Number of protein chains: 2
Amino acid sequence: MVVVNKHTKIISAATKVFAKKGFFTARISDIAKEAKVADGTIYIYFNNKYDILLSIFEEEIGKIFAKTEILLSEEQDPSRMLQIYVSQYLQAMKKNKYLGEVIQIELRQTNKVIRNYRKNKFSAYTNIISDIIRKGQDQGIYRPDILPDVAKRAFFGALDEVSGVWNISLETHYSVEEITDQILSLFLQGVLLGTNQVK
Amino acid sequence: MVVVNKHTKIISAATKVFAKKGFFTARISDIAKEAKVADGTIYIYFNNKYDILLSIFEEEIGKIFAKTEILLSEEQDPSRMLQIYVSQYLQAMKKNKYLGEVIQIELRQTNKVIRNYRKNKFSAYTNIISDIIRKGQDQGIYRPDILPDVAKRAFFGALDEVSGVWNISLETHYSVEEITDQILSLFLQGVLLGTNQVK
DNA sequence: AGTACATGAATGACTATTCATTCATGTAAT
DNA sequence: ATTACATGAATGAATAGTCATTCATGTACT
């Protein structure tokens, strides 16, 4: 029998259960069952239910964040940077099909712990977008009338909402590459300074 | 003393409390307190906690849906239609500053009841977007390479995410009109067929 | 024979919902 | 105009069920 790290086993069980049921409706016993451990075992590895959720963020989203930052640091062209951002996010969501739902569901749970966490760590992740847009504006290739703080929200909202498509039976025929291209070309054309200006 | 309908009073108290605390963390007694009624009174007007949440959707979102559909039926130009869609949504969210958060938070709560409701009624609302895009493609003014079902998600995701800006202290200086313009010009330029094509 | 890890039944805190009771208002008989 | 009675909306304390968390006990490895 392959012995898998219990911590990891619990994390991935919890991701699945949270995605299916939502944080509050998910029972510790559901997670324990899914991970094939006893309820009490979970408390050897985590302090409490919130801690499991936070760990999912720390570990899973932290990975995306870190990898994206490394890739971006080697790039200067804003549009290529956005391309990296989108594809990293969507590839990660595709790889772990429950993660997207956990982010969607849990990021919005109104809870002091999560709110704080979100404010600090997560907004750093979305601020990457507004920074890229500002860079493009400074280089004179992006529309100066775009408000980076509004655009970053629009952009991340689009990404977030789109990151669930593969779980919907009807729309499974779209690939990561297709979705990445769509979002990117939609947004890039929207943000570029050029001859096709609206208004 | 102005006597307000208790049903309405409870709905708006619940919207506020749900927005602040989230559905699961909100206590019936919080809602009762906010509405200045007794806990038990709530059960005269609603069957249970979920029923309150569903009623918020039915009543508040139903209103936006209905009004948007009427306005759209009098319009033929896809871009003007999108303009109507965005401004109706954002105006409603601005008017009731808690509603946006309730939608953001609660639409994602994984719960059979909500999920079903969302599938049926709510996706009809977002499908308006993909219908408009198809219309624009048929008229030859929108890019034929855009996938309407992906774009609708991107578009609604952007709207949804952006609809909370006025509640964030730092960014309160943006007006509804500004946000509407930003989203719209970003998206319209992104979707239009023209000389500024990406790729 | 000691250490570390794992178990799951028992505990206790929390809160949605219920329901016996109160109270404000309306009706009508005198 | 006053009294008696009826109604049902409103109340909030009590109930009852649900889990997160604990811990006494077990297991296995060194």
Side-chain angles (χ1 to χ4, degrees), chain A residues 1-58 102 105-106 109-117, chain B residues 1-58 102 105-106 109-117:
Chain A
M1 176 208 169
V2 183
V3 178
V4 185
N5 179 350
K6 287 232 167 89
H7 178 98
T8 309
K9 241 166 92 179
I10 293 167
I11 284 278
S12 77
T15 307
K16 188 167 176 179
V17 175
F18 287 158
K20 283 200 175 147
K21 298 198 155 193
F23 178 74
F24 290 104
T25 313
R27 305 293 150 230
I28 288 292
S29 58
D30 296 333
I31 298 170
K33 204 172 170 186
E34 179 71 36
K36 290 188 181 115
V37 299
D39 294 17
T41 307
I42 289 176
Y43 290 87
I44 297 170
Y45 295 91
F46 299 92
N47 297 325
N48 52 46
K49 207 179 160 187
Y50 283 127
D51 190 35
I52 305 174
L53 185 59
L54 281 186
S55 300
I56 293 175
F57 282 128
E58 296 277 6
V102 174
I105 297 167
E106 306 314 339
Q109 297 290 6
T110 310
N111 167 273
K112 300 281 152 50
V113 189
I114 308 299
R115 272 223 172 137
N116 269 359
Y117 183 77
Chain B
M1 176 215 170
V2 182
V3 177
V4 186
N5 181 349
K6 287 238 164 82
H7 177 98
T8 309
K9 242 167 86 178
I10 294 167
I11 284 279
S12 75
T15 306
K16 188 168 175 179
V17 175
F18 287 159
K20 282 198 175 148
K21 297 196 152 196
F23 178 74
F24 291 103
T25 313
R27 271 163 295 138
I28 287 291
S29 58
D30 296 333
I31 298 170
K33 203 171 173 188
E34 179 70 38
K36 291 187 180 116
V37 299
D39 294 16
T41 307
I42 289 176
Y43 290 88
I44 297 169
Y45 295 90
F46 300 91
N47 297 326
N48 51 47
K49 206 178 161 187
Y50 282 128
D51 191 33
I52 306 174
L53 184 60
L54 280 186
S55 299
I56 294 175
F57 282 129
E58 296 275 5
V102 174
I105 297 165
E106 305 313 339
Q109 298 288 7
T110 308
N111 166 277
K112 299 280 153 49
V113 190
I114 307 299
R115 273 227 171 137
N116 268 357
Y117 181 78

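In what follows, chains carry the letters A, B, and so on, assigned in the order in which the sequence lines appear, proteins first and then strands, with residues in each chain numbered from 1. Just the heavy atoms: all of them, side chains too, but no hydrogens, waters or symmetry mates, feed the values below. For clarity, every value in this text was computed on a predicted model and none was experimentally measured.
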Whole-Å distance separating the CD1 atom of A/Ile52 from the C1' atom of D/dA20: 10 Å
Spacing of B/Phe23 atom CZ and B/Ile52 atom CD1 [to the nearest 0.5 Å]: 7.5 Å
Length of the line joining A/His7:NE2 and C/dA6:C1', which is rounded to integer Å: 17 Å
Stepwise side-chain contact (heavy atoms from CB on, under 4.5 Å) check, B/Arg27 with B/Lys21: CA-CA 9 Å; B/Arg27 271 163 295 138; B/Lys21 297 196 152 196; 3.3 Å; yes
A/Arg27 side-chain N/O to D/dT18 phosphate OP1/OP2 under 4.0 Å: no
Distance in angstrom units between A/Ile28 CD1 and D/dC23 C1', rounded: 17 Å
Under 3.5 Å, which N/O atoms of the protein pair with N/O atoms of nucleotides 7-12 of chain D?
residue, atom, partner, partner atom, Å
D/dA10, OP1, B/Lys6, NZ, 2.5
D/dA10, OP2, B/Tyr45, OH, 2.5
D/dT11, OP2, B/Ala38, N, 2.7
D/dT11, OP2, B/Thr41, OG1, 2.4
D/dG12, N7, B/Gly40, N, 3.2

Spacing of A/Tyr50 atom OH relative to D/dC19 atom P, expressed in whole Å: 15 Å
Length of the CG-P vector between A/Asn5 and C/dA6, whole Å: 10 Å
Distance, nearest 0.5 Å, that separates CG of A/Leu53 from CD1 of A/Ile11: 9.5 Å
Length of the line joining B/Tyr43:OH and C/dA16:P, which is rounded to integer Å: 6 Å
Pairwise distance CD1(A/Ile28) to CG(A/Asn48) - rounded to 0.5 angstrom: 8.5 Å
Atom pair NZ/CD1 of A/Lys6 and A/Ile44 - distance to nearest 0.5 Å: 8.0 Å
Integer-rounded Å distance: D/dC19 P and A/Lys33 NZ: 14 Å
Interatomic spacing from CD1 in A/Ile56 to CG in A/Asp51 - rounded to 0.5 Å: 10.5 Å
Between D/dT21 (P) and A/Lys49 (NZ): distance, integer Å: 8 Å
